[in-house]
Amino acid sequence: YATGDAPALGSVTGSHASIIGISATPSGAGYFLADRNGTVWGFGDATVVGSLAGRAIARPIVGIAAADEDGYWLTDDRGTVYTFGAPLRGSLAGTGLKRRIVAIAPNAYDSGYRLLARSGEVFAFGATFRGSLGGRKLPKPATAIATNPRNDGYSILTQDGAVYSFSAGYYGSDRKS
């Protein structure tokens, strides 16, 4: 659905998909959607180059991130990263870490990405590590990570609306005390 002057590029309403993420293309003229089974849809200039549709996967997909070279990454809740038209920079698969991954975000300047754990820990692969909430007692779990396209910093959102910024502008949050 379009609002303001944004064009309506498409959606998957009416399908039985359980959409878990959206990621804009680097041009801003399209976006990818993904569901928990790893099916990917592209709208605008987002070209689907593969997906996990129909493949048996052990864990649910929790995030999608568009790469700067027309590809994208998917991650599951244990940090296994699946690549489609984008380079694999690393993964938590096989590390023995038992963190619950909740999101993935692309790096602003090169072909890397960051994984965010529910605990607020950040795992950087081919991307600059600017900090993490790991080791802190958070009132509510981390739910999302967003990269600042101007300086490669990032912000973490927690379930209660708190925003924690790392080398990214802080503009406030809507944390409910």
Side-chain angles (χ1 to χ4, degrees), residues 11-13 15-24 31-41 51-52 56-67 72-84 86 88-109 112-177:
S11 67
V12 292
T13 57
S15 76
H16 297 286
S18 178
I19 303 300
I20 53 82
I22 184 171
S23 188
Y31 47 84
F32 296 100
L33 300 178
D35 73 8
R36 62 182 285 116
N37 298 315
T39 302
V40 176
W41 294 266
S51 79
L52 297 171
I57 56 174
R59 308 292 306 178
I61 298 301
V62 297
I64 184 169
Y72 42 89
W73 301 281
L74 297 173
T75 189
D76 69 18
D77 68 347
R78 289 289 186 234
T80 300
V81 176
Y82 302 90
T83 66
F84 298 94
L88 178 63
R89 298 296 188 195
S91 175
L92 295 178
T95 63
L97 289 175
K98 300 295 182 198
R99 309 297 192 276
R100 179 161 171 239
I101 300 302
V102 295
I104 183 171
N107 192 33
Y109 291 122
Y113 44 87
R114 297 178 185 95
L115 301 179
L116 175 67
R118 180 179 166 94
S119 63
E121 292 170 278
V122 174
F123 301 90
F125 298 97
T128 305
F129 178 76
R130 303 278 186 190
S132 176
L133 297 173
R136 294 177 68 168
K137 174 114 174 84
L138 298 175
K140 295 288 183 179
T143 59
I145 183 169
T147 301
N148 181 326
R150 292 192 183 99
N151 71 358
D152 200 34
Y154 47 92
S155 298
I156 296 171
L157 174 69
T158 59
Q159 196 174 48
D160 59 356
V163 176
Y164 300 86
S165 295
F166 298 87
S167 297
Y170 177 74
Y171 304 101
S173 67
D174 190 28
R175 181 174 176 189
K176 308 291 191 261
S177 299

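Everything numeric in this text was worked out from a predicted model, so none of it was measured. Along the sequence shown, the residues carry numbers beginning at 1. Any value given below was found using the heavy atoms of this structure, including those in side chains, with hydrogens, waters and symmetry copies removed.
Here the closest non-hydrogen pair linking Ile101 and Leu92 is CD1-CD1, 3.7 Å. Residues Asn107 and Ala127 come closest through the heavy atom pair CG-CB, 3.6 Å. Residues Ser51 and Gly38 approach most closely at CB-O, 3.2 Å, considering heavy atoms. Closest heavy-atom contact between Tyr113 and Gly90: OH-O, 2.5 Å. Taking every heavy atom of both residues into account, Ala103 and Thr143 meet most closely at CB-O, 4.2 Å. Closest approach of Ala142 and Ala117 over heavy atoms only: CB-O, 3.6 Å.
Under the side-chain contact (heavy atoms from CB on, under 4.5 Å) criterion, Ile20 pairs with Ala34, Arg36, Ile61, not counting sequence neighbours.
Residues Trp73 and Ile104 have side chains in contact (heavy-atom distance under 4.5 Å, counting atoms from C-beta outward). The side-chain heavy atoms of Val62 and Val102, taken from C-beta on, include no pair separated by under 4.5 Å.
For Arg118, the CZ atom is loosely surrounded, since the number of other residues' heavy atoms within 6.0 Å does not exceed 12.
Between the side chain of Tyr154 and the backbone N or O of Gly131 there is at least one donor-acceptor pair closer than 3.5 Å. Side chain of Thr147 to main chain of Pro106: a donor-acceptor pair is present (N/O by atom type, distance under 3.5 Å, no hydrogens or angles). Here the side chain of Arg114 pairs a donor or acceptor atom with the backbone of Thr128 at under 3.5 angstrom. Ser23 contributes no side-chain N or O that, together with a main-chain N or O of Phe32, makes up a donor-acceptor pair within less than 3.5 Å. At distances below 3.5 Å, not a single donor-acceptor pair connects side-chain atoms of Tyr164 with backbone N or O atoms of Ser132. A donor-acceptor pair under 3.5 Å is formed between the side chain of Ser91 and the backbone N or O of Gly79.
Expressed to the nearest 0.5 Å, how far OG1 of Thr39 lies from CG of Asn37 amounts to 6.0 Å. The distance from atom OG1 of Thr75 to atom CZ of Phe125, rounded to the nearest 0.5 Å, is 8.5 Å. The distance from the CZ atom of Arg99 to the CG atom of Leu115 is 12.5 Å, given to the nearest 0.5 Å. Taken from CG in Leu133 to CD1 in Ile156, the straight-line distance is 4.0 Å, to the nearest 0.5 Å.
Exactly one of Asp77, Thr80, Asp76 qualifies for a side-chain hydrogen bond (donor to acceptor under 3.5 Å, both in side chains) with Arg59. That residue is Asp77. A ring pair (Phe, Tyr, Trp, His ring centres under 6.0 Å) with Tyr72 holds for exactly one of Tyr31, Phe84, Tyr82, Trp41; it is Phe84.
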- Does the side-chain contact (heavy atoms from CB on, under 4.5 Å) test come out yes or no for Phe166 and Val122, once each step is laid out? CA-CA 11 Å; Phe166 298 87; Val122 174; 5.8 Å; no
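A donor-acceptor pair shorter than 3.5 Å can be found between the side chains of Thr158 and Asp160.
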